[in-house]
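Quick notes on the structure that follows.
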2 protein chains.
Amino acid sequence: MSEDTATIIFQPSGQRGEVPKGITLIEASRKLGVDIEALCGEKKVCGKCIIRIEEGHYEKYNITSSMGHTNEWQEEEDKFINAENKAKGYRLGCVTKVEGDMLVFVPEESRAGKQVVSKAARDIPIDWNPAVRVYYAQVDPPTFEEPLGDFERVCNALEREHGLTNLTADLFALRQLPHALRNGDWSVTVSVWNNKEVIRFRPGKQEKTYGIAFDIGTTTCAGYFCDLTTMEVLDTVSMMNPQCKYGEDVMARITFHMMNEDGLQRMSEDLIEGINELIDKAIAGTYPPKKKKKKKKGQKDAPDEYVEAPEEGKTYLRLTRDDIEDLTLGGNTAMHHILLQLDPEFVGLAPFPPVLHHSMNIKCRDIGINITPSAYVFVLSIEAGFVGADNVGVLLAEEPYKGEQNQLIIDIGTNGELVLGNRHKLISSSCATGPALEGAQLSFGMRAAPGAIERIEIDPETHEVNYKVIGRDAFRKFSKPEEMQAKGICGSGILDVLAELYRSGVITKTGVFAKEQKSNRSRRNPDTKMPEFVLAWKEESSIEKDIVITQKDVRQIQLAKGALYAGCKLMVRRMGLENPDCVKIAGAFGTHVDREKALIMGLFPDCPIDMIQGVGNAAGDGCRAALLDVKKRIESDWCSRNVEYIELTVESDFQQQFMEAMQLPHMTDEFPHLEGLVAPEILHQMKDQIVPKDTHMK
Amino acid sequence: MSEDTATIIFQPSGQRGEVPKGITLIEASRKLGVDIEALCGEKKVCGKCIIRIEEGHYEKYNITSSMGHTNEWQEEEDKFINAENKAKGYRLGCVTKVEGDMLVFVPEESRAGKQVVSKAARDIPIDWNPAVRVYYAQVDPPTFEEPLGDFERVCNALEREHGLTNLTADLFALRQLPHALRNGDWSVTVSVWNNKEVIRFRPGKQEKTYGIAFDIGTTTCAGYFCDLTTMEVLDTVSMMNPQCKYGEDVMARITFHMMNEDGLQRMSEDLIEGINELIDKAIAGTYPPKKKKKKKKGQKDAPDEYVEAPEEGKTYLRLTRDDIEDLTLGGNTAMHHILLQLDPEFVGLAPFPPVLHHSMNIKCRDIGINITPSAYVFVLSIEAGFVGADNVGVLLAEEPYKGEQNQLIIDIGTNGELVLGNRHKLISSSCATGPALEGAQLSFGMRAAPGAIERIEIDPETHEVNYKVIGRDAFRKFSKPEEMQAKGICGSGILDVLAELYRSGVITKTGVFAKEQKSNRSRRNPDTKMPEFVLAWKEESSIEKDIVITQKDVRQIQLAKGALYAGCKLMVRRMGLENPDCVKIAGAFGTHVDREKALIMGLFPDCPIDMIQGVGNAAGDGCRAALLDVKKRIESDWCSRNVEYIELTVESDFQQQFMEAMQLPHMTDEFPHLEGLVAPEILHQMKDQIVPKDTHMK
């Protein structure tokens with residue numbers, strides 16, 4: 001072992017390896033492939049990366065001394081680790097440096113879990129008009145009288161048979177031509193991009209071509225694998241954005257870039273690698289599954305051998321990377337910039353200008369995406385610094401610019417993106433909801449992964465809690481405590497928690513904990529002395545801790561819903577409207593949200609409840625529309641030029657609106673549509689609590 | 001040492017290293033960086049790669065036995081190595097396999113010497129109209145009211161200030177934009193390609209941009225390094241084509257590709273590496289030269305330290321690769337295809353169709369050329385399989401398509417390329433001169449390198465020889481024998497040799513050695529028993545051999561000049577002309593050729609001698625014209641579409657014309673223009689020898 005390196009072992013995964021001395025444990029964890037949460041991008045402010053240095057186990061691993069194996073305690077750690085835990089060896093991974101060999105335990109709540117990603121393609125009407133089309137050509141062989149070049153002979157045939165003129169060919173495609181022509185006995189299938197450029201030559205007659213539309217979210221990425229000739233979605237593949245390890249939200253990633261010279265490149269390369277894995281996954285699905293060969297009796301352990309196990313009657317396409325000939329890609333401005341290695345620094349600084357708005361056609365090979373070597377990726381245009389290509393995707397899918405109806409489209413991801421209008425005028429804005437509505441940045445907030453609380457009820461009489469976690473169908477009250485294995489609260493549970501806390505009287509309309517409480521679930525945190533409410537007791541959890549929601553958490557959620565409501569309200573006012581004609585909620589949040597609770601909690605202005613619609617992953621649908629219909633690509637640029645971006649924070653009464661909107665529930669009188677829909681007792685209760693104009697919130 | 005490898009030492013260079021067993025000595029020489037001639041591309045037919053296995057020296061190198069260290073004698077070797085030399089250990093490098101450790105001696109005549117490359121740029125009229133131009137823009141900083149993207153703000157400024165519209169930007173350039181804008185205090189210099197695409201952003205106001213035009217010859221490559229704003233040629237850089245080690249001529253390289261799976265890639269990569277070295281060389285010339293630091297007295301040997309030694313009053317541009325923003329590139333069809341890794345196999349097979357004729361705009365990064373990352377290389381179009389982009393370059397430089405004069409343009413490289421016509425009609429053809437006129441494929445043919453005979457006189461009375469070699473100004477008769485260090489004959493000496501052999505009576509008009517000879521220089525080769533003539537005795541040579549010209553050599557030259565003359569003649573006839581109005585000879589041959597001797601020897605149809613013109617490296621001039629004037633790029637495609645390619649070998653009397661044209665001298669009566677120009681005694685002598693219609697040549 002070199003003097004400049006140290007051996008690190010991470011428990012409980014057991015991953016181990018040598019790393020250079022002087023790096024932080026978070027950096028070491030990345031090198032060794034261990035996922036530790038780092039929500040803040042190593043700004044030392046989130047306290048999510050708590051780990052425990054297992055000094056006692058050193059001898060077991062023949063590491064004889066722990067003295068001098070880490071740097072000393074850092075001031076920032078005091079905020080997140082109390083004296084007791086400090087004594088037990090807890091540290092923050094982002095400040096603890098490797099100075100010698102270590103055995104490190106990663107507590108479950110610090111582990112970046114695998115999210116349950118589910119972003120299926122919706123049925124939206126799309127015209128068939130793909131950028132890449134295949135043409136078949138029969139070509140005259142060259143003679144002494146007419147020894148014309150291979151490509152010119154193909155061009156002549158394509159003009160004669162298909163009316164295509166002025167074609168060029170990509171160099172990498174041209175390399176295939178001489179043998180494609182001769183192997184196809186002078187007939188050839190030509191893939192043409194935008195009636196302009198040949199991107200592939202195949203021998204003989206072929207009819208199919210394929211593409212994938214990618215929606216790159218801050219947290220999750222999905223790919224819609226399509227047959228470009230039939231528009232059929234063959235498969236939906238998805239993954240966590242591999243950049244999550246560098247920070248949970250957009251600002252954390254931008255910070256990671258600014259604090260690491262190669263940060264941008266690393267985040268980009270990780271994402272590209274992930275995209276390539278998704279492509280391989282999509283392709284793998286076109287082959288029969290592999291089944292392990294049965295061992296014959298008496299046979300020794302052989303290396304793993306697999307056999308194909310095709311389903312009867314099923315045809316398998318057996319595609320290769322070369323068969324993918326077109327890609328589209330949308331994402332918010334930061335994801336867009338990081339993927340393309342465009343400096344995202346200024347997107348994070350007021351007035352948040354992006355490097356460009358234009359859509360782009362980029363050769364896949366230029367950014368390392370492995371499909372047919374001459375293919376392009378179409379990158380959707382960007383509306384503004386905080387309203388990116390993902391929002392353009394939403395617009396392409398929902399087409400508010402084609403109708404008379406005033407649509408309010410809300411895309412709640414890590415930030416809220418808002419569009420309002422119709423074919424006469426469209427305005428957009430973003431509101432700094434933060435990720436609280438998705439469950440992040442709360443004490444026990446987590447992604448939609450197994451163990452996450454997603455539904456909750458609090459008994460107004462006893463304050464007893466009944467809840468459900470992802471990965472288990474039975475509610476708490478039908479389960480034994482140890483069966484719940486709760487770990488935290490995810491986005492879809494957040495609104496429930498807030499509504500129930502309020503309905504049951506645990507918190508008041510201003511969001512503070514009520515003076516009178518009905519159970520020992522309401523208590524003060526032993527360390528911070530701040531009020532908190534226990535959602536799940538230690539014995540119901542898999543992290544050996546009570547899962548609580550704190551006063552600070554409630555404030556975070558209030559801030560988020562206040563920002564969202566105020567944003568919507570100001571936009572509606574700007575358009576000279578009373579209320580929108582309909583509300584569309586895109587994103588995973590829109591799919592899971594309880595429309596009534598959302599209205600009750602005042603997430604957005606009033607609207608007939610049947611005009612509130614979850615539109616699923618509309619951003620992804622828009623990317624898919626752009627894949628299958630080039631007109632959508634033109635619309636994409638139209639959107640980025642014609643949707644007027646409004647900076648709401650400069651409105652004179654923004655602060656006032658924001659403050660008011662943070663109240664619970666938000667001026668229920670403004671929601672006539674709830675009448676008759678919400679249980680009378682709830683409505684009654686809510687009407688009692690008209691929000692005062694003054695507020696505690698600062 | 002592994003069992004699968006062997007140590008090879010090459011003498012006299014002393015280069016050594018381990019190579020895998022089983023490869024040939026030629027392959028081993030490439031791996032170890034030893035240059036051995038391989039004219040035929042390892043087809044085992046040229047016999048140029050003779051080496052000697054130095055068995056006696058084994059012990060000196062602690063190699064104890066030579067048994068089994070090579071494969072056995074191959075049939076092909078009999079043709080080139082006689083029994084005596086076989087006994088001395090001579091073998092062919094291309095058939096001798098490495099089976100164990102070896103010490104190998106490379107005789108001087110087998111060494112691929114460094115050629116004296118000289119391809120200076122000529123003054124030809126070129127309009128200033130470069131593809132890449134720089135524009136300066138002052139941009140408004142973004143505000144909350146107008147938070148437009150960086151690129152869109154630059155576009156607005158460029159439209160306002162320069163009228164540029166619909167610009168796109170290359171991704172790699174866009175990556176420079178945010179910091180260029182901010183470092184330039186919102187002013188930026190933009191390099192725009194073809195008024196369409198931004199390929200570079202620089203902070204502040206910059207005025208210069210640079211480009212290089214490359215002419216890729218089979219043997220030599222030259223680059224003209226130009227200031228694109230002033231059109232000035234700043235430097236001319238040149239090198240041997242690094243592919244020479246894979247075979248001397250086009251067919252040898254194509255064969256090398258067909259016989260080696262990675263042959264095409266290797267040849268392409270070697271050439272690209274060479275081009276990158278030329279680029280670096282051009283850039284290095286913009287810095288002051290480095291001078292070694294003087295050692296102080298008593299100082300110990302320090303690592304080499306250099307200081308800049310700028311010339312007084314001289315300004316140095318100090319450019320980087322990024323400052324090169326445009327390239328053009330022309331070469332014959334095979335060089336074009338190999339460089340771009342387009343399969344050249346079918347260019348070598350009748351009817352010789354290229355993969356494409358079109359010119360191409362290729363991103364430099366796609367083929368590994370290191371200049372500014374978003375730059376394009378413009379690759380000139382190709383006329384036909386054997387008339388490539390180099391000939392298009394010649395046309396661009398000479399512009400026969402613009403005048404009334406019927407120009408016959410001859411480009412003698414390794415093959416002869418011919419163009420005839422004027423603005424009404426242009427035809428082209430190629431003739432299989434082979435490389436004999438350039439000195440290759442003769443017994444002692446060599447490139448224009450030190451030691452090459454380039455001028456020769458034979459006394460008609462005594463047959464004594466007087467000659468001059470490259471690298472020594474004094475002729476043989478003013479030198480001591482050992483001062484000559486002759487090594488072979490290069491292209492510019494070939495016509496001299498043939499003319500002098502004939503004038504002095506050594507050979508007759510049909511090219512056979514005369515029965516009566518006047519010195520012991522004419523003799524029969526001891527091995528082949530064929531007649532030969534000694535040009536330089538062993539003691540005048542550096543290769544310890546008499547340098548001779550053989551009967552077979554004379555035949556090769558006759559074939560070459562016959563092919564060229566017949567080709568020209570048939571083209572002139574096709575155009576319905578008696579003779580061309582002028583003859584332009586491009587290439588190194590044209591620069592060095594003695595116009596009178598060329599007419600005497602009948603290289604091309606008669607023409608007033610002052611209308612015969614060497615036009616130097618016209619192909620390179622054409623590439624330079626295309627670099628500085630985009631109209632030339634359009635003309636390039638026009639040429640490849642409108643110059644009619646004529647396959648001369650299908651003409652009914654081609655054989656007859658060819659046979660007649662091989663005679664020496666060719667029907668002098670057809671050259672009235674020689675009267676009064678050529679010394680009377682020579683003309684008289686020639687007129688005596690009217691060629692009979694029958695001939696010995698078969």
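For a residue to count as touching a neighbouring chain, one of its non-hydrogen atoms must lie under 4.5 Å from one of that chain's; by this rule B:Leu171 touches chain A with backbone and side chain alike. Contact of B:Leu167 with chain A is made through the backbone alone, with heavy-atom distances under 4.5 Å. For B:Phe144, the parts sitting under 4.5 Å from any heavy atom of chain A are the backbone and the side chain alike. Both the backbone and the side chain of B:Leu174 come within contact range of chain A, each with at least one heavy atom under 4.5 Å from a heavy atom of that chain. Looking at B:Ile367, the atoms closer than 4.5 Å to chain A (heavy atoms on both sides) all sit in the side chain, from C-beta outward.
For the options A:Ile362, A:Ile646, A:Leu340, A:Ile382, heavy-atom pairs under 4.5 Å to chain B are most numerous at A:Leu340.
Scanning both residues, A:Leu177 and B:Val355, for their nearest heavy atoms gives CD2-O, 4.1 Å. Of all the heavy atoms in A:Pro147 and B:Pro351, the pair that sits closest is CB-O, 3.5 Å.
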No hydrogens needed, just list the donor-acceptor pairs between chain B and chain A under 3.5 Å.
{"unit_1": "B:Gly149", "atom_1": "N", "unit_2": "A:His357", "atom_2": "NE2", "d": "2.7"}
{"unit_1": "B:Asp150", "atom_1": "N", "unit_2": "A:Pro354", "atom_2": "O", "d": "2.9"}
{"unit_1": "B:Asp150", "atom_1": "N", "unit_2": "A:Val355", "atom_2": "O", "d": "3.3"}
{"unit_1": "B:Phe151", "atom_1": "N", "unit_2": "A:Val355", "atom_2": "O", "d": "2.8"}
{"unit_1": "B:Glu152", "atom_1": "OE1", "unit_2": "A:His357", "atom_2": "N", "d": "2.9"}
{"unit_1": "B:Glu152", "atom_1": "OE2", "unit_2": "A:His357", "atom_2": "N", "d": "2.8"}
{"unit_1": "B:Glu152", "atom_1": "OE2", "unit_2": "A:His358", "atom_2": "N", "d": "2.8"}
{"unit_1": "B:Glu152", "atom_1": "OE2", "unit_2": "A:His358", "atom_2": "ND1", "d": "2.4"}
{"unit_1": "B:Arg175", "atom_1": "NE", "unit_2": "A:Leu340", "atom_2": "O", "d": "2.8"}
{"unit_1": "B:Arg175", "atom_1": "NH2", "unit_2": "A:Leu340", "atom_2": "O", "d": "3.0"}
{"unit_1": "B:His179", "atom_1": "NE2", "unit_2": "A:Asp343", "atom_2": "OD2", "d": "2.4"}
{"unit_1": "B:Leu340", "atom_1": "O", "unit_2": "A:Arg175", "atom_2": "NE", "d": "2.8"}
{"unit_1": "B:Leu340", "atom_1": "O", "unit_2": "A:Arg175", "atom_2": "NH2", "d": "3.0"}
{"unit_1": "B:Asp343", "atom_1": "OD2", "unit_2": "A:His179", "atom_2": "NE2", "d": "2.4"}
{"unit_1": "B:Pro354", "atom_1": "O", "unit_2": "A:Asp150", "atom_2": "N", "d": "2.9"}
{"unit_1": "B:Val355", "atom_1": "O", "unit_2": "A:Asp150", "atom_2": "N", "d": "3.3"}
{"unit_1": "B:Val355", "atom_1": "O", "unit_2": "A:Phe151", "atom_2": "N", "d": "2.8"}
{"unit_1": "B:His357", "atom_1": "N", "unit_2": "A:Glu152", "atom_2": "OE1", "d": "3.0"}
{"unit_1": "B:His357", "atom_1": "N", "unit_2": "A:Glu152", "atom_2": "OE2", "d": "2.9"}
{"unit_1": "B:His357", "atom_1": "NE2", "unit_2": "A:Gly149", "atom_2": "N", "d": "2.7"}
{"unit_1": "B:His358", "atom_1": "N", "unit_2": "A:Glu152", "atom_2": "OE2", "d": "2.8"}
{"unit_1": "B:His358", "atom_1": "ND1", "unit_2": "A:Glu152", "atom_2": "OE2", "d": "2.4"}
{"unit_1": "B:Arg365", "atom_1": "NE", "unit_2": "A:Asp366", "atom_2": "OD1", "d": "2.9"}
{"unit_1": "B:Arg365", "atom_1": "NE", "unit_2": "A:Asp366", "atom_2": "OD2", "d": "3.4"}
{"unit_1": "B:Arg365", "atom_1": "NH2", "unit_2": "A:Asp366", "atom_2": "OD2", "d": "2.6"}
{"unit_1": "B:Asp366", "atom_1": "OD1", "unit_2": "A:Arg365", "atom_2": "NE", "d": "2.9"}
{"unit_1": "B:Asp366", "atom_1": "OD2", "unit_2": "A:Arg365", "atom_2": "NE", "d": "3.4"}
{"unit_1": "B:Asp366", "atom_1": "OD2", "unit_2": "A:Arg365", "atom_2": "NH2", "d": "2.6"}

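Legend: residues meeting ring pair (Phe, Tyr, Trp, His ring centres under 6.0 Å) with B:Phe654, ordered by chain and number and at least two apart, are B:Phe658. Evaluation of the ring pair (Phe, Tyr, Trp, His ring centres under 6.0 Å) rule for B:Phe172 yields no partner, not counting sequence neighbours.
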